[in-house]
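Notes to accompany the following structure.
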Number of protein chains: 4
Amino acid sequence: MKGSRKEQIRQAAITVIAQEGFHGATTDKIAAQARVAVGTIYNYFKNKEDILAHIFAVEYEKRLHFFTRLEEEDIHPLDKIKGILTMHFAGVRENPNLVRVILEEKNFFHRYYERGPDCDQCLQGFLEQVINRGVGEGKLRPCDPEMVAVVLFGFIEAIMGRYLCISNGGDDNDFLEAAVNEIIALLAEGLVSA
Amino acid sequence: MKGSRKEQIRQAAITVIAQEGFHGATTDKIAAQARVAVGTIYNYFKNKEDILAHIFAVEYEKRLHFFTRLEEEDIHPLDKIKGILTMHFAGVRENPNLVRVILEEKNFFHRYYERGPDCDQCLQGFLEQVINRGVGEGKLRPCDPEMVAVVLFGFIEAIMGRYLCISNGGDDNDFLEAAVNEIIALLAEGLVSA
Amino acid sequence: MKGSRKEQIRQAAITVIAQEGFHGATTDKIAAQARVAVGTIYNYFKNKEDILAHIFAVEYEKRLHFFTRLEEEDIHPLDKIKGILTMHFAGVRENPNLVRVILEEKNFFHRYYERGPDCDQCLQGFLEQVINRGVGEGKLRPCDPEMVAVVLFGFIEAIMGRYLCISNGGDDNDFLEAAVNEIIALLAEGLVSA
Amino acid sequence: MKGSRKEQIRQAAITVIAQEGFHGATTDKIAAQARVAVGTIYNYFKNKEDILAHIFAVEYEKRLHFFTRLEEEDIHPLDKIKGILTMHFAGVRENPNLVRVILEEKNFFHRYYERGPDCDQCLQGFLEQVINRGVGEGKLRPCDPEMVAVVLFGFIEAIMGRYLCISNGGDDNDFLEAAVNEIIALLAEGLVSA
DNA sequence: GATGAATGAGACTTCATTCAT
DNA sequence: CATGAATGAAGTCTCATTCAT
């Protein structure tokens, strides 16, 4: 599976789409990057959109799996949130291209596959659950969990977007670490001076 | 200007792009929506991308103007932030299509016009300034202003994105008001229970 | 007539077509060069091709008039030929743009107006007549007058084409004078050494 | 190569361009003539102009090759010139369409590809060399070789142009043979009666 | 007559997809 | 399964021409 032909094409597609956008990524370019003939792509994918769908599906599974494991751990909700942040930021460091694709093409993807796997919904839903339980257990102050989930989701996207923007080529790990700390601080204390 | 031919085309383009995405918005569809011949579009715009650039430019000017006025007011930084939130959320209520275009096509736009007017940078820069001053005046606790600006920016985008997602057709004004309150509460107190 | 609106447009068209070719010469460009609105062109010309036809017609009349006068003069055929050469080379010096248009667009013109005024036929016919008479009067050696006319015609075109090619901007009058002499010498003595 | 797809398209383009001119020759017409889909053209040519460029390039190579061989032969300059004439006239008999394209579209071609292969320059350069040597060896009378080369070039073009004009459909081989003889006679004796 | 905004047919080109080898 | 030449629908853009002012 790891080194399979399908995987090879998926990786190539991620690279090309990250560089050129989904519409700029022609099947010719993807095939060239994968060192494969154009026709071969169609042995593994129904059409071009299907490649994108597969990229989203794999990512979705990955996150779902992570959330499922995190859910079972018995730790403070803030630590769960920290875990999510860490997971996402590790992802962007490890494969910025993949994250770029997910961030930039999700709109197109959702327009096309209205009922496809929704990474955002998955993340927001899990955040909401964490917050809900935290409030129920008295560990978080009363709030509107859905709204706070949306807000936390916004954090993550913004930080990843910003990272992709500033770290063109060279890494900037400090940025991501600082981001985690700043967010946790914000959740812990707010922004207003005591 | 308001009812001019160029404005007519801009409005039509916003509608079509919001529905179909920039690539799905063919010049034929835009012309039809504007009740104009295809050729007429090219009397006012260099090419299709130029329409998008114009949409962004108009929006950029609008926001810049708002920020400039808000900057001069002598109010608590949290109120300035509240002002920005209110402004953005009023915008999404008033013309959801426009906001959808800005949110969904900014990646494409920046890939294409690397040095075009950047609404995001503009917003982030202003937020950073507000926070920086707030910290300097002792009204906000010490923090990394750039990072917090990014985070606040994430709020706004996420809320607007969510609103566009759930309010398909019918409004949901309560959502946006609740969002403002929740964010202000978060900034004021954090999330952890006292 | 000289400064009339129609003449103004004809001159502008010559300039633009010489620079950009007939197909590159848009009606907009011609109108701009003539400092006139596009619509005005259509008050004087049926369509774009008609402008070209008019340019050829004027040129045709000019040459026909010259030939008619030259025909009546009682001079040696070689001097008549010299007169034709001089007339053509004066033309190219005086208005290279016009000559460029005649040379470059005649193919298109004849394809379009199969039975329009044919400057080439006019010139060749006259040359043929001059040679025919010259032979009849014993002033020229026996030959195939049609063929020699074609050949002389080729001289003129080639010299003008070459002149237009080498005299970009700056004049090169010596070239044209040298050409006349060389051609007359060729007709007088041939090329082979005695 | 001979029956290759690219060659097939080149031949079709020659046919269509000869009939309709380069601008009248739409890609659709060329594709239809080549019995190929439009898209196929673009698998072998960058764009429409590139087809013309290829036609000129092939022709250029053909002529260059011929000149190179002729150059080495040790014969009287007049015979070399006769060889060139014969070669060109054979070409026009064999493929009038090709010659029509070369003659009619060279202006457009040179406007577009300012530094493309120049059949005319090639021919004129070679003629100049032949004449120069002939004069040096005392076989031709003293003259301005460049000018005479231009003039000879004019012969060739004019004769070919005339042939294409009169031989619409039916051949007229006598014309071309007569032309060669007439030109050689002209070069040998001039035009004036002794 | 002059104007120039509007028109829309038609040209070029791209590229996802197919299918014979 | 792999290949990649062929396909042609569809999109962008141009520009000669018209016509209301």
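The structure displayed is predicted, hence computed values, not measured ones. Here is the naming used below: chain letters follow the sequence lines, and residue numbers restart at 1 for every chain.
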Side chain to side chain contact (heavy atoms under 4.5 Å, CB included) partners of B:Asp28, counting only residues at least two apart: B:Thr26, B:Val38

N/O (side chain, B:Arg5) to phosphate O (OP1/OP2, E:dA5) under 4.0 Å: no

Closest to the A:Thr40 side chain, choosing from F:dG8, E:dT17, F:dA2: F:dA2

Sugar-phosphate, base or nothing in reach of C:Tyr44, heavy atoms under 4.0 Å: sugar-phosphate

Spacing of CD1 belonging to B:Ile9 relative to CD1 belonging to B:Ile14, to within rounding of 0.5 Å: 12.5 Å

Spacing of A:Ile51 atom CD1 relative to E:dT17 atom C1', expressed in whole Å: 12 Å

5'-most by nearest nucleotide on DNA chain E - B:Val38 or D:Lys46: B:Val38

Stretch residues 18-36 of chain B: residues that reach within less than 4.0 Å of DNA chain E through a heavy atom: B:Val36

Phosphate-side-chain proximity, A:Asn43 and F:dA2, N/O vs OP1/OP2 below 4.0 Å: yes

Heavy-atom closest contact (D:Val16 atom, D:Ala25 atom, distance): CG1-CB, 3.6 Å

Quiz item: cation-pi between C:Lys48 and C:Phe22, 6.0 Å / 45°: yes

Polar side-chain atom of D:Arg63 near backbone of D:Val58 as donor-acceptor pair, under 3.5 Å: no

Heavy-atom closest pair, residues D:Cys119 and D:Glu59: SG-CG, 4.3 Å

C:Ile41 CD1 to F:dC19 C1', straight-line distance once rounded to whole Å: 16 Å

D:Asn47 side-chain N/O to E:dC12 phosphate OP1/OP2 under 4.0 Å: no

Residue-phosphate contact under 4.0 Å: C:Tyr42 side-chain N/O, F:dT17 OP1/OP2: yes

Distance, rounded to the nearest Å, where C:Phe45 contributes CZ and F:dT18 contributes C1': 18 Å

Rounded distance in Å - CG (D:Leu52) to P (E:dC12): 13 Å

Protein-nucleotide distance (B:Ile9, atom CD1; E:dA5, atom C1'), rounded to Å: 11 Å

C:Pro117 to C:Tyr60 - nearest heavy-atom pair and separation: CB-CG, 3.6 Å

Plane angle bin for B:His23 and B:Phe108 - parallel if under 30°, tilted between 30 and 60°, otherwise perpendicular: perpendicular

d(NZ, B:Lys48; P, F:dA10) in whole Å: 15 Å

Presence of salt bridge, A:Lys106 and B:Glu104, under 4.0 angstrom: no

Runs of at least three consecutive pairs that involve DNA chain F, where pairs are Watson-Crick or G-U with distances under 3.5 Å: E:2-21 with F:2-21

